[in-house]
J.: 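Attaching a single structure in structure tokens format; questions to follow.
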There are 2 protein chains.
Amino acid sequence: MDRRIKKSQKAIMNALIHLMAEKDFEHITINEIAEHADVNRGTVYSHYTDKYDLLDKCIEAQLQQLIKSCLPMDETETNLSMDSLLRTFQQMEKDIFIYRTLLTNKGVPSFRNHLQEMMKKEIREQINEYSMDDTSKEIIVQFLSSAIVGVIEWWLMQQTVPCSAKKLSAMLRQLLRLHSEGASLLLEGASDEFAEDKGEGF
Amino acid sequence: MDRRIKKSQKAIMNALIHLMAEKDFEHITINEIAEHADVNRGTVYSHYTDKYDLLDKCIEAQLQQLIKSCLPMDETETNLSMDSLLRTFQQMEKDIFIYRTLLTNKGVPSFRNHLQEMMKKEIREQINEYSMDDTSKEIIVQFLSSAIVGVIEWWLMQQTVPCSAKKLSAMLRQLLRLHSEGASLLLEGASDEFAEDKGEGF
DNA sequence: CCGGTTTTGTTGATTTTTCAACAAAATGGA
DNA sequence: TCCATTTTGTTGAAAAATCAACAAAACCGG
């Protein structure tokens, strides 16, 4: 990609994020974005259809970065491993301003959703090693992904980062292990009990 | 000026300064500057003849900023007044990295000289209110400008700024007043004494 | 000293960005 | 509701930047 394009897109996306830290997305104009980015208004339009397209692409770019940071670096590493988690949180900490803004801005409910979807996908891959029915799996996936996103939100939204990315990933790693194993045992027990009840009920 | 030109020149000048913080000017290549600035090498050449031209223009730009910051804001304000000095030091503090680099890099003896020339000019305008011969005036100008530049160098080159720009300008202002008045009295006394000696000598 | 490599300075074709201008749509206040 | 102002989306011409390529000069190690 031509470096001019890269520079323009980066400037425009950064401008959007900074403006979103100050006002609602709906109240931001293309003019403001262009001025803030120090590019011509036409340049914004040559890269993005409108501000909604810009926002979508901005979110997408951030998510791609996150996905990239949490990819296993070799085949010995699993998803949601300690190293993978650490890289993800370090990436977030590095661009903390961006993530805070995307998570708080009223006009952007979807970033949180995207983040959770990303976590769900990772958890599903981890949880496939447990034998249980699909509904049970989805309950666990929902439970854990909500918990992770909740913790991430808490972590990012403090005035100062409450603990290091390293500590956070270590704690989350432990919590994930504990809760996924615990949940799977619990659900197996409930399933057996349900089967017995059904047998006796009829 | 077209904003593209402004952006390119700024990026190129900043790249030079950053590279100069790491290595001698003589060992810096145009290639490195272009890469650091994230512009095409041809762009560097379209704005500057060679790296020496770039350096000259870079120094000139910084000096212009300094001059601008120390200009009187209205006719009630004099040169080297408290406010004028303060604005100058605040400007330096704001771009402290640049000034440190320009003052320390082996390849740039001239920045310090430019700075001193600038101070000399200011002091000359202040000192014209004292009646004394030209040589005496120049001695005082040299004395005070060297002292000011010496203090500025000391102030900028510490690991952390040793005192606020406000405190520095207040102290310098007092020192300037004390030393210019004291020096003018001293030189008047020496002039009289010299005349007497000459009379008696012969 | 020689030769391989790096750097410089330049050229030309192409692309992206700039800017001004215009019409249409949206906004907000009276 | 009306109207003045602002914002949007677009167009076309010009300028600046990009890139690859080339030749010459400079550098540096054997």
Side-chain angles (χ1 to χ4, degrees), chain A residues 1-61 64 101-102 105-110, chain B residues 1-61 64 101-102 105-110:
Chain A
M1 196 196 295
D2 189 301
R3 76 173 74 202
R4 286 171 298 188
I5 297 175
K6 276 196 232 166
K7 282 194 266 189
S8 295
Q9 289 182 349
K10 185 179 173 190
I12 292 164
M13 283 188 185
N14 282 342
L16 175 65
I17 298 286
H18 278 90
L19 286 167
M20 280 167 70
E22 289 168 19
K23 56 202 297 198
D24 282 359
F25 178 71
E26 291 300 327
H27 295 142
I28 295 170
T29 67
I30 295 275
N31 247 342
E32 288 175 314
I33 295 167
E35 278 170 11
H36 208 94
D38 196 18
V39 299
N40 187 272
R41 190 159 59 77
T43 304
V44 180
Y45 282 108
S46 76
H47 292 276
Y48 309 101
T49 308
D50 52 33
K51 72 175 182 180
Y52 303 93
D53 181 43
L54 167 58
L55 178 62
D56 288 344
K57 288 191 162 71
C58 198
I59 290 171
E60 189 60 36
Q64 286 307 314
T101 304
L102 288 176
N105 196 286
K106 288 203 292 238
V108 194
S110 56
Chain B
M1 195 197 294
D2 189 302
R3 75 173 74 202
R4 285 171 297 189
I5 297 176
K6 276 197 230 160
K7 281 192 268 189
S8 296
Q9 288 182 349
K10 186 179 171 189
I12 293 164
M13 283 189 186
N14 282 343
L16 176 65
I17 298 285
H18 278 88
L19 286 166
M20 279 168 70
E22 288 166 20
K23 57 201 297 198
D24 281 0
F25 178 71
E26 290 301 327
H27 295 141
I28 295 169
T29 66
I30 295 277
N31 246 342
E32 288 175 312
I33 294 167
E35 279 170 12
H36 209 95
D38 196 18
V39 300
N40 187 270
R41 190 161 56 80
T43 303
V44 180
Y45 282 108
S46 75
H47 292 275
Y48 309 102
T49 306
D50 52 32
K51 72 176 183 180
Y52 303 94
D53 180 41
L54 167 58
L55 178 62
D56 286 345
K57 289 191 161 71
C58 198
I59 289 171
E60 188 59 34
Q64 285 305 316
T101 304
L102 287 176
N105 196 285
K106 286 203 290 238
V108 194
S110 57

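Every chain is numbered from 1 and lettered A, B, ... according to where its sequence line falls, protein lines coming before strand lines. None of the values given here were measured: they were computed from a predicted structure.
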J.: Reckon B:Lys51 touches a base, only the sugar-phosphate, or nothing at all at heavy-atom distances under 4.0 Å?
T.: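 Since no nucleic acid heavy atom lies under 4.0 Å of B:Lys51, the category is nothing.
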J.: Using whole Å, report how far CE of A:Met1 lies from C1' of C:dT16.
T.: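 Distance check: A:Met1 CE to C:dT16 C1' gives 13 Å.
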J.: Could you please name the option among C:dT17, C:dG9, D:dG9 that lies closest to any side-chain atom of B:Tyr45?
T.: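 Among C:dT17, C:dG9, D:dG9, the one nearest the side chain of B:Tyr45 is C:dG9.
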J.: Nearest nucleotide by nearest heavy atom, which residue falls closer to the 5' end of DNA chain D, B:Val39 or A:Glu32?
T.: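 Per heavy-atom nearest nucleotide, the more 5' residue is A:Glu32.
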J.: Rounded to the nearest Å, what distance is computed from the CD atom of residue A:Glu26 to the C1' atom of nucleotide C:dA26?
T.: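 The answer, rounded to whole Å, is 13 Å.
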J.: I'd like to know if A:Arg4 reaches the base of D:dA17 with its side chain, counting only an N/O donor and acceptor under 3.5 Å.
T.: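 Such a pair is found, so the answer is yes.
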J.: Quick one: B:Asp38 CG to C:dT17 C1', roughly how many Å, whole number?
T.: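 Taking CG of B:Asp38 and C1' of C:dT17, I get 16 Å after rounding.
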J.: NA contact type, A:Thr43, heavy-atom cut-off 4.0 Å: base, sugar-phosphate, or nothing?
T.: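 If one applies the 4.0 Å heavy-atom cut-off, A:Thr43 turns out to touch a base.
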J.: To the nearest angstrom, how far is B:Leu54 atom CG from C:dT8 atom P?
T.: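 Those two atoms, CG and P, are 12 Å apart.
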J.: Does A:Glu26 offer a backbone N or O that forms a donor-acceptor pair with the side chain of A:Lys51 under 3.5 Å?
T.: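 Between the backbone of A:Glu26 and the side chain of A:Lys51 there is a qualifying donor-acceptor contact (under 3.5 Å).
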J.: Write down the distance between NE2 (B:His27) and C1' (C:dT7), rounded to a whole number of angstrom.
T.: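 These atoms are roughly 14 Å apart.
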J.: Is B:Lys6 touching bases, backbone alone, or none of the nucleic acid, heavy atoms closer than 4.0 Å?
T.: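 Contact class for B:Lys6: none.
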J.: Rounding to a whole Å, what distance do you find between B:Asn31:CG and C:dT5:P?
T.: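 Answer to the nearest Å: 17 Å.
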J.: Would you say D:dC19 has OP1 or OP2 under 4.0 Å from some side-chain N or O of B:Asn40?
T.: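 Checking B:Asn40 against D:dC19: at least one side-chain N or O falls below 4.0 Å of OP1 or OP2.
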J.: With heavy atoms under 4.0 Å as the rule, sort A:Arg3 into base, sugar-phosphate or nothing.
T.: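 The residue A:Arg3 makes sugar-phosphate contact but no base contact.
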J.: Strictly below 4.0 Å: does A:His47 bring a side-chain N or O up to OP1 or OP2 of C:dT17?
T.: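 For C:dT17, OP1/OP2 do have a side-chain N/O of A:His47 under 4.0 Å.
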J.: So, are A:Glu32 and A:Lys23 salt-bridged, with charged N and O less than 4.0 Å apart?
T.: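 A salt bridge is present here (some side-chain N lies under 4.0 Å from a carboxylate O).
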J.: Name the nucleic acid region contacted by B:Asp2, choosing base, sugar-phosphate or nothing; use a 4.0 angstrom heavy-atom cut-off, strictly under.
T.: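 B:Asp2: backbone/sugar contact only, no base atoms under 4.0 Å.
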J.: What is the minimum heavy-atom distance between A:Leu55 and A:Leu16, and which atoms define it?
T.: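 Of all heavy-atom pairs spanning A:Leu55 and A:Leu16, the closest is CA-CD2, 4.0 Å.
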J.: Give the nucleotide from the list C:dT8, D:dT8, D:dA17 with an atom nearest to the side chain of B:Ser8.
T.: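 Taking heavy atoms from C-beta onward, the closest nucleotide is D:dA17.
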J.: Between B:Asp50 and B:Asp53, is there a donor-acceptor pair closer than 3.5 Å when you use the side chain of the first and the backbone of the second?
T.: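 Present.
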J.: I need the CD1-P distance between A:Ile30 and D:dT8, as an integer number of Å.
T.: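 To the nearest whole Å, that distance equals 6 Å.
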J.: Any Lys/Arg nitrogen of B:Lys6 or B:Asp2 sitting under 4.0 Å from an Asp/Glu carboxylate oxygen of the other?
T.: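 Salt bridge between B:Lys6 and B:Asp2, a charged N being under 4.0 Å from a carboxylate O: no.
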J.: Rounded to whole angstroms, how far apart are CZ on A:Arg41 and C1' on C:dT18?
T.: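 Taking CZ of A:Arg41 and C1' of C:dT18, I get 12 Å after rounding.
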J.: Reckon B:Lys7 has a side-chain N or O less than 4.0 Å from the OP1 or OP2 of C:dT17?
T.: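 It does not, given that no N or O in the side chain of B:Lys7 lies less than 4.0 Å from OP1 or OP2 of C:dT17.
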